[in-house]
Amino acid sequence: MDWAPIEEKWRQKWLAEKQFESNPDSRKKFFVTVAYPYPNSPQHIGHGRTYTLADVHARFMRMQGYNVLFPMGFHYTGTPILGMARRVQENDKDLIEAFRTLYKVPDEKIREFSDPVKIADYFHQEIKAGMIEMGYSIDWRREFTTIDPFYNKFIEWQFKKLKENGLVVQGTHPVGWCPKDQNPVSQHDTLGDVEPSFTEYTIIKFKYNNYVLPTATLRPETIFGVTNIWMNPNVNYEIAKVDNEEWIITSECATKLGFLNKKVTKTGIMPGAQLVGKKVKVPGRDDEIFILPATFVKSDNGTGVVMSVPAHAPFDYQALEDLKKETSKYANLPSSLSEIRPISIIETEGYGEIPARDVIEKLGITSQDSPKLEEATKELYSKEFYGGKLKQNTGKFSQKSVTVAKEEVKRWILDSGNADILYELNENPVRCRCGAECVVKLLDNQWFLNYSNPEWKEKVHSWINEMRILPEEIRNEFNHVVDWLKERACARQHGLGTKLPWDKNWIVESLSDSVIYMAYYTIVKYVKSGEIKPEYISDSFFDYVFLEKGDLQKVSSESKISPENLESIKKEFQYYYPVNARHSGRDLVPNHLTFFIFNHLAIFPRKYWPEEIVVNGSVLMDGKKMSKSMGNIIPLRDAIKIHGADSIRLAILVSAELLQDADFNQEAVRGIKNKLEGMLDEATRYNDTKETALAQEDRWIYSRLQQLIAKTTTSIQKMRLREALHYVLYEFDTDLQWYLKRIEAKGRKDHLGILHKVFSARVAMMSPFAPYVSEELWSRLGNQGLASESQWPLPDEAKIDLLALQSESLLSRTIEDIRNIVKVTKMSPKKITIYTASTWKVRAYQKILSTVISGDVNIGNIIKSLISDKETEEIKKDPDFVKKTVNDILSDPQDDRDAKNKIGLVDETKILSELESLIKTEYGIGLQVFSESDQNKYDPKNKAKTARPYKPAILIE
RNA sequence: GCGGGAGUUGCCAAGCCUGGUCAAAGGCGCAGGGCUUAGGACCCUGUCUUUUAGGAGUUCGUGGGUUCAAAUCCCACCUCCCGCACCA
């Protein structure tokens with residue numbers, strides 16, 4: 001079936017009605033937003049999830065009578081698009097091929113892609129078209145991009161506010177860096193998508209004459225166990241002036257230091273071999289140690305100078321042992337070499353005096369070139385770090401745990417001026433996409449948002465605990481994010497975006513210019529309509545509109561907006577703010593969503609803080625993660641062409657609850673499509689005829705409908721959309737089937753009006769989920785207006801007929817029992833007789849029921865109280881009845897128990913006579929119903945006595 | 001390592017907060033039947049084991065515990081997934 005014409009038809013209708021365009025009016029408002037997309041590729045099915053959830057939310061609230069605003073913008077800010085443009089300039093074959101085949105971008109467009117804005121513009125329109133096709137009920141008059149002049153003004157205002165509040169700070173920060181691009185690199189900027197992670201090393205300065213021999217170490221606390229220095233005799237070291245000291249280091253190290261803001265000037269060469277046998281002074285310790293040769297020292301790692309702690313470092317221990325055995329290999333070795341002993345400074349459970357030796361022996365290592373030394377080092381490091389304690393010979397650090405001492409010793413040497421910090425990439429080499437080898441650079445004068453600020457954190461914590469967060473499980477995660485959040489760089493030197501107002505060399509970073517823009521949606525339409533002219537806008541405008549600060553006349557003349565217009569702009573903001581619900585994928589919890597809260601709290605007064613966050617999981621494709629390499633990314637617009645928008649919406653929503661990953665698979669979509677087609681057929685069968693007197697089954701289906709409406713409404717309110725869909729789409733089918741079975745058995749023809757009502761309510765409830773097909777169904781049913789504009793069905797308590805509900809359930813359960821018996825006995829029934837329980841049992845049942853409802857399930861107690869009552873003393877004859885009845889009651893849902901208690905005594909014999917038509921249809925035979933207490937009953941097998949209330953005895957012959 | 005989450009009957013996936021509705025929804029798959037020229041469409045029935053009377057038995061990662069009663073509460077363990085920053 002071709003959905004496109006149907007979708008197009010209703011899309012035009014919606015457009016004509018302008019029903020998604022929201023303006024302030026007297027109704028209550030509902031402002032729902034989603035994180036806007038970054039237009040560097042077309043969107044795929046996975047992107048559709050969050051938007052679809054938000055759209056359902058918007059459509060639901062609209063039907064509930066709210067004035068709903070659901071806007072959309074486009075986030076141009078950022079570096080990836082810039083990187084893509086550069087690769088196009090460089091004629092990158094892979095990327096251009098991806099544009100052509102994967103994204104199906106026309107060639108003439110690709111040629112324009114050397115301009116990053118063209119890339120963003122292209123995918124912007126692509127994504128927008130997809131959103132419209134998906135039926136999202138967005139107010140497109142409020143669309144914008146983050147490089148629009150007015151948006152720039154807005155972000156400038158935001159940053160000045162943050163700065164005024166002391167939340168923007170300046171500092172120095174190490175980053176992965178491409179020396180060629182002069183820009184920080186992150187994972188997606190590198191070849192092979194390697195994360196350019198790095199580790200901080202402590203440099204400890206040993207003195208040799210006037211030279212500094214800097215050793216880089218991860219374990220500064222082991223300074224107390226140093227016995228010698230290692231240098232590679234085969235390496236030519238550089239003598240370099242580093243700031244005001246003469247350092248001896250490898251040339252690689254000199255380069256690295258340059259990026260760490262050291263002034264490095266190379267002044268000479270010093271062969272490693274020449275230093276062997278010389279003595280150096282140990283900082284903080286009043287003695288000297290030898291420089292010894294070791295080939296395991298690599299010139300590209302650290303400084304090329306290594307401090308040796310043989311007691312705790314397996315490499316050092318092994319190298320020392322090796323050297324003692326081959327003294328003849330090197331010249332200038334000190335004669336006292338053989339007297340050098342490891343100095344043990346850490347005690348750790350499970351290791352002896354010299355832990356390094358223990359590990360080496362355990363792993364059977366015999367040479368410093370053994371690859372197992374890495375493993376040995378790792379093991380010992382971890383054991384000592386988590387379990388080790390410093391010994392007496394470490395002075396004031398004695399008895400401290402290694403975890404603590406490491407930091408304290410580092411601090412102590414740094415403070416004495418004998419240490420420094422070096423950053424080293426964990427994986428070497430990391431290459432930028434441009435091909436250059438990356439380094440670690442210390443960026444100074446970098447701007448940060450101070451998310452460490454304790455008062456700010458505290459405020460955010462308390463709001464997180466107050467606001468609505470769905471699903472509830474994720475609330476903890478937010479609180480933890482707030483805890484570990486530190487200063488965050490908020491500006492970078494390249495990319496699209498807004499310049500930092502007080503330092504035009506910097507551009508506001510993309511996760512910082514996207515935190516309060518929801519406020520911008522409320523007023524942006526006035527730029528398009530011409531009331532706001534960005535060039536006249538300054539901070540006073542935003543102060544006035546958002547914070548109600550300043551003088552109307554003054555702001556009006558400054559901004560060249562008439563006072564009346566300015567007032568209505570302000571009113572519009574005040575009408576829509578705060579955000580009532582923000583939807584997003586869970587990947588944004590540790591960044592965007594948390595920043596969103598932080599920044600709102602920093603800038604806006606409490607009444608404008610966001611009320612609710614709804615977080616959803618991602619989408620899998622046939623159970624697998626979507627990825628380019630797997631080739632299982634389906635562009636959303638392609639999918640719409642194949643399956644139709646509604647089927648995709650339903651498939652994504654019905655497969656998983658909020659936080660779970662939703663699996664999009666072909667079978668599920670096919671099933672949904674069939675279902676929808678079936679409904680389209682069905683809709684033409686019913687018409688809105690007059691209602692005749694209602695039979696029991698009619699009252700029953702109406703009761704079930706009220707329950708369905710109530711359940712569905714509650715589920716949507718909790719954003720349990722999967723559950724809601726489930727009720728509307730599937731669970732109610734079971735009821736309809738039963739109803740039709742009853743109608744058919746009775747040969748009725750007057751039920752179409754009833755089904756019309758039921759079906760119409762169902763279609764209305766489907767409308768937020770599957771808007772197109774719902775409109776089509778709505779019109780085929782002959783209903784007036786649009787489904788999406790109809791009122792959300794209200795459950796009518798008065799239409800819930802408890803007796804009808806219990807009666808029908810008794811019928812279906814009895815039929816079920818009969819089927820069971822037939823199945824087990826494999827007989828073909830000739831005659832069926834049913835016996836209902838005698839009066840004393842019914843009375844006993846009522847008593848037991850109310851006892852159980854009151855919470856007492858003790859069989860003994862119940863029997864005692866029943867016996868003591870004349871009405872039920874017959875229980876003595878059948879004590880087993882109590883146990884069985886209690887079980888019957890316990891296996892009823894709570895609601896049914898209450899209902900049965902409420903309706904009291906029922907005439908089962910009368911109810912069960914309704915079975916006759918059903919039995920006739922199913923087995924083609926007759927049915928007799930007797931009461932157990934009927935003297936003249938037909939009961940050849942003596943079955944009647946097993947009857948219980950709501951559990952009649954059955955005889956099949 | 002730190003933090004978050006998950007393990008359910010062939011697959012996917014509800015249930016767990018608030019214990020009895022749970023042999024455990026639903027979808028998919030599979031089997032039988034109906035409809036049909038035919039069908040990948042639709043409808044009905046079944047789908048842990050067992051049972052010639054609607055019953056019984058054993059199951060919800062593993063092992064304990066609490067309780068009249070545990071998929072659900074508590075403890076320990078095993079396994080898996082995700083995030084950890086200058087990046088949208």
Side-chain angles (χ1 to χ4, degrees), chain A residues 35 37-38 40 75 77-81 173 175-176 184-189 195 197 382 385-386 443 446 448-449 451 472-474 476-478 480-481 483-492 509-512 514 586-592 617-618 620 623 625 651 654-657 659-663 665-668 670-675 677-678 681 720 722-723 725-727 729-731 733-734 737 740-741 813-814 816-827 852 857-860 886-887 889-897 941 943 946 951-956:
Chain A
Y38 184 66
N40 69 336
H75 199 194
T77 317
T79 50
I81 288 178
H173 199 67
V175 293
V185 283
S186 63
Q187 189 168 354
H188 63 243
D189 300 317
E195 174 73 33
S197 61
S382 143
F385 185 74
Y386 295 107
L443 273 184
Q446 171 122 272
F448 295 90
L449 283 179
Y451 291 128
E472 188 56 45
E473 300 98 281
I474 211 90
N476 267 336
E477 211 168 308
F478 274 103
H480 281 109
V481 171
D483 284 335
W484 66 250
L485 220 53
K486 295 189 295 203
E487 292 79 7
R488 184 186 170 89
C490 60
R492 37 166 56 240
E509 177 269 338
S510 56
L511 278 175
S512 306
S514 57
R586 72 175 310 173
D587 51 330
L588 298 189
V589 171
N591 41 67
H592 165 75
S618 59
L620 303 177
K625 217 170 159 164
V654 87
S655 88
E657 225 30 282
L659 211 51
Q660 291 288 323
D661 288 343
D663 186 18
N665 60 68
Q666 304 297 325
E667 292 78 45
R670 212 181 55 223
I672 285 164
K673 261 198 275 191
N674 291 337
K675 176 108 203 153
E677 285 176 23
D681 282 346
R720 297 180 61 90
R722 192 202 67 93
E723 187 174 78
L725 261 181
H726 205 266
Y727 293 146
L729 234 43
Y730 300 112
E731 203 186 85
D733 268 355
T734 317
Q737 277 157 24
L740 288 173
K741 191 181 268 180
R813 283 206 207 182
T814 308
E816 191 68 21
D817 279 350
I818 292 171
R819 265 199 212 119
N820 241 322
I821 297 168
V822 171
K823 183 187 154 204
V824 169
T825 59
K826 298 191 180 74
M827 63 201 289
V852 170
V857 291
N858 187 301
I859 309 278
V886 168
N887 277 337
I889 292 169
L890 283 178
S891 60
D892 260 345
Q894 201 77 46
D895 289 352
D896 280 7
R897 294 179 207 169
K941 292 254 172 78
K943 284 274 175 196
T946 60
K951 190 77 181 169
I954 297 165
L955 171 67
I956 301 178

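Here is the naming used below: chain letters follow the sequence lines, and residue numbers restart at 1 for every chain.
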Give the nucleotide from the list [options] with an atom nearest to the side chain of [X].
X	options	result
A/T946	B/G46, B/G54, B/A85	B/G54
A/L890	B/G54, B/A25, B/G20	B/G20
A/R492	B/A85, B/C86, B/G55	B/C86
A/Y730	B/G15, B/A13, B/G26	B/G26
A/R488	B/G54, B/A53, B/A85	B/A85
A/E816	B/G46, B/C86, B/A88	B/G46
A/R670	B/G27, B/U47, B/G29	B/G29
A/W484	B/C12, B/A85, B/C86	B/A85
A/K741	B/U45, B/G54, B/C87	B/U45
A/V824	B/G4, B/U51, B/G15	B/U51

Measuring only the [atom1] atom in each nucleotide, how far is [N] from [M]? A whole number of Å is fine.
N	M	atom1	answer
B/C30	B/G10	C1'	9 Å
B/G33	B/G83	P	50 Å
B/A71	B/G55	C1'	24 Å
B/A25	B/G46	P	13 Å
B/A6	B/A56	P	34 Å
B/G5	B/C73	P	14 Å
B/U79	B/A69	P	33 Å
B/A41	B/A31	P	13 Å

Output yes when at least one side-chain N/O atom of [X] is less than 4.0 Å from OP1 or OP2 of [N], else no.
X	N	result
A/H726	B/G26	no
A/N674	B/C42	yes
A/Q894	B/G20	no
A/T79	B/A88	yes
A/T825	B/A53	no
A/R722	B/C12	no

When all nucleic acid strands are considered with a 4.0 Å heavy-atom cut-off, which category describes [X]: base, sugar-phosphate, or nothing?
X	result
A/L729	nothing
A/P952	base
A/E723	nothing
A/L955	base
A/G78	sugar-phosphate
A/S655	sugar-phosphate
A/D895	nothing
A/E657	sugar-phosphate
A/H173	base
A/Q446	nothing
A/L511	base
A/V886	nothing
A/R813	nothing

Inset, instruction - Indicate yes or no: does A/R813 engage A/E816 in a salt bridge with an N to O separation below 4.0 Å. - result: no
Inset, instruction - Considering only NZ, NE, NH1 and NH2 on the basic side and carboxylate oxygens on the acidic side, decide whether A/R492 and A/E509 come within less than 4.0 Å. - result: no
Donor-acceptor under 3.5 Å ([X] side chain, [Y] main chain):
X	Y	result
A/R897	A/D892	yes
A/K675	A/L729	yes
A/H75	A/S510	yes

Rounded interatomic separation in angstrom, taking [atom1] from [X] and [atom2] from [N]:
X	N	atom1	atom2	answer
A/Q660	B/G15	CD	P	9 Å
A/L620	B/A13	CG	C1'	12 Å
A/D661	B/C81	CG	P	13 Å
A/D681	B/C43	CG	C1'	13 Å
A/I672	B/G26	CD1	P	16 Å

[X] side chain near [Y] side chain, heavy-atom distance below 4.5 Å:
X	Y	value
A/Q737	A/L740	no
A/E487	A/L449	no
A/K486	A/F448	no

Legend entry - First encountered from the 5' end of RNA chain B, between A/K675 and A/P184: A/K675
Legend entry - Pair partner, B/A76 [Watson-Crick or wobble, under 3.5 Å]: B/U62
Legend entry - Nearest heavy atoms of A/S655 and A/D663, plus distance in Å: OG-N, 3.0 Å
Is the base of [N] touched by the side chain of [X] through a donor-acceptor pair closer than 3.5 angstrom?
X	N	result
A/D587	B/A88	no
A/D817	B/G54	yes
A/H480	B/C2	no

Inset, instruction - Could you check A/K951 against A/T814 for side-chain contact (heavy atoms from CB on, under 4.5 Å), going step by step and ending with a plain yes or no? - result: CA-CA 7 Å; A/K951 190 77 181 169; A/T814 308; over 6 Å; no
